[in-house]
Amino acid sequence: MRVLVTGGLGFIGSNFILRIIDKYSDFSIINLDACLPGSNKQNLNELKIKNYSYVKGNITNKKLVERLVSRVDVVINFAAESHVDRSIVNPRPFIDSNIIGIYTILEAIRKHKKKLIQISTDEVFGSLKSQSAHEKFPFNPSSPYAASKASAETLVKSYTTTYDCDAIITRCTNNYGPRQSPEKLIPKTILLAEKNKKIPIYGTGKNIRDWIFVLDHCDAILRVLFKGKKGESYNISAQNEIDNLTIVKKILSIMKKPKGLIQFTNDRPGHDFRYSLDSSKISSNLGWKPSHSFEEGLKHTIEWYLENKKWRKNIPSKEIKTISWKTR
Ligand SMILES: NC(=O)c1ccc[n+]([C@@H]2O[C@H](COP(=O)([O-])OP(=O)(O)OC[C@H]3O[C@@H](n4cnc5c(N)ncnc54)[C@H](O)[C@@H]3O)[C@@H](O)[C@H]2O)c1
């Protein structure tokens, strides 16, 4: 199968490419990535194989996207501006990459009659009090990031309904694992704790996210690629809800660092309290289930960041800094 992976120098895209190469020998992969925030060239530095090629470019570049789409069977769109905090400071890049980007890809798959898998997020459903969102749950995005991903989903849906395009949407919960930019909670905590630096936590730290090991997410996408039904969407979750403070404490305990490193900061504006997905559809219809426990995945993740000093050299130090919000 010939696959165009967009955003393959980022966290999930790079793990996905490595997973394909590890499991299948009959794939050829083109990775289109613009090297924007979240990307790290070291993520796929070790890849020197003939069925993989990297193209530096933007998914909003119509000519380039059309040319690459014409050469593959399927596009898997991971490319996105992905950090909620940055979307609050400046939404514009999120509109460009996450909305104009998917529009450009949709036009190309429509023209060349190719298949698309759009990688989306639980954040489209907004903050939930007690229930878990199933696939038909109404959208209620809070941040510009979540709104841009919800917009992308509605565009994809419109292309399947109006033009009969072959597209599927997957929505996943918070991923953790190797190769994630340290602007995000888990790698940031590990790298700051290693240097005995203060670890910022927004608000009370009681906000809940539903965590999944990145390779479980990658395997779910592969399952959708092989068995998913055209026009459908699939929620992906490991049913593992934990609040931010508990995660940071777990990391400090594994790293044998003092809890005194924790520093509470002003809360993010519009901070969603809880995300939760019901993933019974992908389990019962496609037979997918996660295979990593949080304890095992977290230990592996901590070891990876501590051991991969070369990978860390590539990170601009501003990425480890937290944006400080003024109280409203
Ligand atoms: N990280 C999570 O927990 C999570 C959870 C659910 C869904 N998702 C979704 O999964 C996808 C990947 O997330 P991630 O955490 O790997 O993000 P990331 O920020 O680590 O990587 C995104 C990659 O996309 C590239 N990119 C961004 N805009 C681009 C553009 N216009 N053209 C070409 N390349 C571009 C970046 O350079 C980067 O390499 C995103 O669509 C995100 O919304 C992420």
Side-chain angles (χ1 to χ4, degrees), residues 4-19 30-44 54-62 64-65 68 75-87 92-105 116-125 133 141 143-153 156 169-187 209-218 220-221 233-238 240 247 275 277 279 301 314-315 319:
L4 174 61
V5 173
T6 63
L9 290 185
F11 167 43
I12 306 172
S14 60
N15 278 289
F16 182 75
I17 289 173
L18 291 171
R19 193 64 164 172
I30 304 173
N31 172 13
L32 172 63
D33 194 298
C35 280
L36 294 172
S39 69
N40 186 330
K41 282 186 191 150
Q42 291 286 333
N43 275 344
L44 292 179
Y54 166 60
V55 177
K56 183 171 180 181
N58 203 298
I59 57 165
T60 58
N61 181 336
K62 179 172 183 279
L64 174 65
V65 169
L68 296 178
V75 181
I76 307 184
N77 182 34
F78 293 90
E81 289 282 351
S82 70
H83 192 34
V84 174
D85 287 353
R86 274 191 285 103
S87 84
R92 181 61 206 233
F94 291 72
I95 308 303
D96 292 339
S97 287
N98 302 2
I99 303 177
I100 305 298
I102 187 61
Y103 159 72
T104 312
I105 293 171
L116 167 72
I117 297 183
Q118 166 69 359
I119 308 302
S120 192
T121 167
D122 57 358
E123 300 201 24
V124 297
F125 298 119
S143 67
Y145 162 69
S148 69
K149 295 295 291 185
S151 308
E153 282 205 33
V156 172
I169 293 165
T170 65
R171 280 178 216 106
C172 192
T173 59
N174 269 41
N175 285 222
Y176 68 96
R179 299 179 182 81
Q180 185 172 31
S181 159
E183 62 183 2
K184 308 284 171 57
L185 180 71
I186 290 182
R209 298 293 179 264
D210 186 351
W211 291 91
I212 184 169
F213 188 62
V214 64
L215 291 184
D216 283 331
H217 182 194
C218 294
I221 297 167
S233 65
Y234 297 92
N235 289 352
I236 302 165
S237 149
N240 187 35
I247 291 198
Y275 299 133
L277 286 184
S279 59
T301 302
N314 236 18
I315 300 166
E319 278 199 21

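Note that the numbering runs from 1 along the sequence shown for the chain. Counting starts at 1 for both ligands and their atoms, in listed order.
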Part of C35 within contact of ligand 1 (heavy atoms, under 4.0 Å): backbone
L36 N/O to ligand 1 N/O under 3.5 Å: yes
Ligand 1 N/O within reach of I12 N/O, cut-off under 3.5 Å: yes
Distance-only N or O hit between ligand 1 and T121, under 3.5 Å: no
Close approach, S181 and ligand 1, non-hydrogen under 4.0 angstrom: no
Close side-chain approach of L9 and N31, heavy atoms under 4.5 Å: yes
Location of contacts on R171 toward ligand 1, heavy atoms closer than 4.0 Å: neither
Whether W211 and Y176 hold their rings parallel, tilted or perpendicular, with breakpoints at 30° and 60°: perpendicular
Min heavy-atom dist T173 to ligand 1 below 4.0 Å: yes
Sub-3.5 Å N/O-N/O distance, K149 and ligand 1: yes
Ligand 1 contacted by Y145 (non-hydrogen, < 4.0 Å): yes
Nitrogen or oxygen atoms of S82 and ligand 1 under 3.5 Å apart: yes
G101 heavy atom under 4.0 Å from ligand 1: no
Per atom 30 (C) of ligand 1, closest listed option by heavy atom (N58, L185, I186): N58
Residue-ligand contact N174/ligand 1, heavy atom below 4.0 Å: yes
Contact check, side chains of R179 and L18, non-hydrogen atoms, under 4.5 Å: yes
4.0 Å heavy-atom contact, G8 with ligand 1: no
Y54, OH atom: more than 12 neighbouring heavy atoms under 6.0 Å: yes
Heteroatom distance test (N175, ligand 1): nitrogen or oxygen, under 3.5 angstrom: yes
Contact check, side chains of F11 and K184, non-hydrogen atoms, under 4.5 Å: no
Polar contact flag for I59 and ligand 1 (N/O pairs, less than 3.5 Å): yes
contact_flag G57 ligand 1 heavy-atom lt 4.0 Å: yes
Check: T60 N/O within less than 3.5 Å of ligand 1 N/O: no
D122 contact mode with ligand 1 (heavy-atom cut-off under 4.0 Å): neither
Pair E123-S143, side-chain contact (heavy atoms from CB on, under 4.5 Å): steps then yes or no: CA-CA 9 Å; E123 300 201 24; S143 67; 4.3 Å; yes
